[in-house]
Amino acid sequence: MLQTHRPVMRPLTTAHLAQTMTLLSLSADELKQQIESELASNPALEMTDERRCPNCQRPLPGNSPCPTCSSASPTAPDDAIVFISPRDDFHPSHGISSDEDQADDNVAPVTEDLPTFVFRQIAPDVDPQKRTIAAYLLTHLDEDGLLTIAPVEVAQYHHVPMDVVESVRNMIQHAEPLGVGSITTQEAMLVQLDHLSESRSIPHMTRTVIEQGMDMLSRRQYSELAHKLGCSLRDVKEAAQFITENLNPFPGRSHWGDVHEGENAPLQVYRSPDVIISHINEDSTKPLMVEIIMPLAGTLRVNPLFRNALRQNSEYKEDWKNDLERAALFVKCLQQRNHTMRRLMQRLVAIQKDFIDHGEVYLKPLTRASLSVELEVHESTISRAVSSKTVQLPNRRIIPMSKFFDRSLNLRTILKNIIVQEGHPLSDSELVKLLDARGYKIARRTVAKYRAMEGILPAHLRHA
DNA sequence: CTATGGCACGGATT
DNA sequence: AATCCGTGCCATAG
């Protein structure tokens with residue numbers, strides 16, 4: 001069904017494989033860049049406005065997903081519907097420009113990346129010349145919302161004094177998510193701390209602990225830390241408790257620690273998802289709908305004019321031929337990528353349906369290797385397809401796709417549930433017994449590790 | 001003596 | 001080949 005009407009049998013060249021691989025490992029926004037640069041550098045490639053379904057190549061009326069493909073689910077009727085979803089409104093502005101024409105708030109996209117999100121907040125308060133600085137800073141954030149370049153470099157590059165850069169940065173840090181644009185996790189947390197201290201009381205050692213003891217804190221060496229700072233153990237524990245509960249060292253991460261189910265908090269999206277999973281018209285009894293984001297609408301194809309031009313003899317014939325082949329290869333690889341992604345998600349969603357609908361407890365342990373044999377592809381294919389991609393669940397949470405392959409997440413959440421319900425602080429060995437009773441055999445040491453991962457304090461300093 | 005964290009090793013996973 | 005993860009052992013705090 002993928003075969004085209006053109007009988008151009010293209011052998012599986014190494015170039016083909018290599019490019020498919022790289023395309024597969026790109027996230028949606030990276031893919032957009034890739035396509036754009038390819039489009040710009042290769043005259044034989046053309047983007048038509050015509051909307052076609054990337055799955056079946058039928059023309060589409062609007063921007064909506066293909067109705068034929070959506071309704072015609074190839075597998076079981078109760079199975080999820082998986083399709084490629086083209087959207088050109090995906091990334092409103094990739095490299096944020098400092099232009100004034102940013103005021104198109106009427107078309108608020110559902111998802112917005114972190115730089116855009118922050119820029120929109122501060123833009124009104126920043127005078128135009130500083131906006132360039134702001135935009136520049138914001139394009140150099142990592143996934144966690146921390147700055148990846150030194151402010152000094154920015155100052156030099158833009159020929160402005162340091163304090164200008166710092167003032168802009170300060171403004172960014174006080175936008176949502178609080179602390180974004182910090183250089184270190186410490187700095188981010190201090191910003192949050194300052195903000196919180198205006199409305200509530202803070203354990204008095206908190207600031208000192210953050211400033212001087214983050215490494216020890218993350219290793220939970222409370223007593224050593226108390227010794228180093230010359231204060232009581234209780235002070236350190238109080239501070240630690242406060243920090244894990246209220247501060248987020250990685251402002252860019254959408255969630256940290258607590259996972260309240262019925263949370264009404266403004267669920268913001270800081271990183272555009274590569275895949276969106278939802279229920280058909282939000283009805284949880286309906287089957288799942290899986291959209292694999294294609295960052296550009298329209299159809300990518302080989303420019304037919306170019307193909308014709310090749311028939312005529314020309315001195316550039318060799319170059320043109322070269323371009324043409326590259327273009328054909330590119331669209332083919334892109335199709336290949338979409339096809340693989342679709343098969344992957346189809347299977348993944350089928351396996352982890354309970355997890356998607358009912359939460360982390362129901363995540364089934366799954367390895368990329370086992371999926372690869374089911375789909376009859378190489379392991380590395382799955383790895384590349386999964387890594388650096390994010391998925392939006394029906395509850396609007398965005399998670400890395402690798403979470404679907406987390407070996408121990410279900411155990412960790414069960415563990416959390418037990419501890420939440422505990423009447424009396426349970427020691428690690430007691431927890432082992434309880435888990436064993438539920439059919440999970442794990443070592444005591446492992447329980448301790450899981451606790452640490454979830455940021456749960458040891459038994460002797462938990463209280464009802 | 002018990003509970004827990006650090007370190008490090010081996011096997012699984014990527 | 002490199003990395004991740006579960007575990008066992010031992011030191012240390014309470």
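Proteins come first, then strands; the chains are lettered A, B, ... in the order of their sequence lines, and each starts at number 1.
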Lys/Arg-Asp/Glu bridge criterion (N-O < 4.0 Å) met for A/Glu454, A/Lys449: no

Neighbour count above 12 (heavy atom, 6.0 Å) for A/Arg412 CZ: yes

Expected rows: protein N/O vs nucleotides 4-7 of chain C N/O, under 3.5 Å:
{"from": "C/dC5", "atom 1": "O4'", "to": "A/Arg407", "atom 2": "NH2", "distance (Å)": "3.3"}
{"from": "C/dG6", "atom 1": "OP1", "to": "A/Tyr450", "atom 2": "OH", "distance (Å)": "3.0"}
{"from": "C/dT7", "atom 1": "OP2", "to": "A/Ala443", "atom 2": "N", "distance (Å)": "3.1"}
{"from": "C/dT7", "atom 1": "OP2", "to": "A/Thr446", "atom 2": "OG1", "distance (Å)": "2.4"}

Any pair counted as ring-ring contact (aromatic ring centres under 6.0 Å, His included), so long as it reaches residues 342-379 of chain A, sequence neighbours left out: A/Phe355-A/Phe404, A/His358-A/Tyr362

side-chain hydrogen bond (donor to acceptor under 3.5 Å, both in side chains) against A/His279, all qualifying residues, sequence neighbours excluded: A/Asp357

A/Arg451 side chain near B/dG5 phosphate (N/O to OP1/OP2, under 4.0 Å): yes

A/Arg445 with A/Asp428: basic N within carboxylate O range, under 4.0 Å: no

A/Lys433 atom NZ, over 12 foreign heavy atoms within 6.0 Å: no

Which atoms of nucleotides 12-14 of chain C (N or O only) lie under 3.5 Å from a protein N or O atom, and what are those distances?
none

Test item: side-chain donor near acceptor, A/Glu360 and A/Thr413, under 3.5 Å: no

Residue-level proximity of residues 371-381 of chain A to DNA chain C when a heavy atom falls under 4.0 Å: none

Listed partners of A/Gln352 passing side-chain hydrogen bond (donor to acceptor under 3.5 Å, both in side chains), at least two apart: none

Side-chain heavy-atom pair A/Ile419, A/Leu426 within 4.5 angstrom cut-off: no

Polar side chain donor-acceptor pair, A/Ser383 to A/Ser380, under 3.5 angstrom: no

Proximity to the side chain of A/Ser429 - top-ranked nucleotide from B/dT14, B/dA3, B/dG5: B/dA3

A/Arg368 side chain near B/dT13 phosphate (N/O to OP1/OP2, under 4.0 Å): no

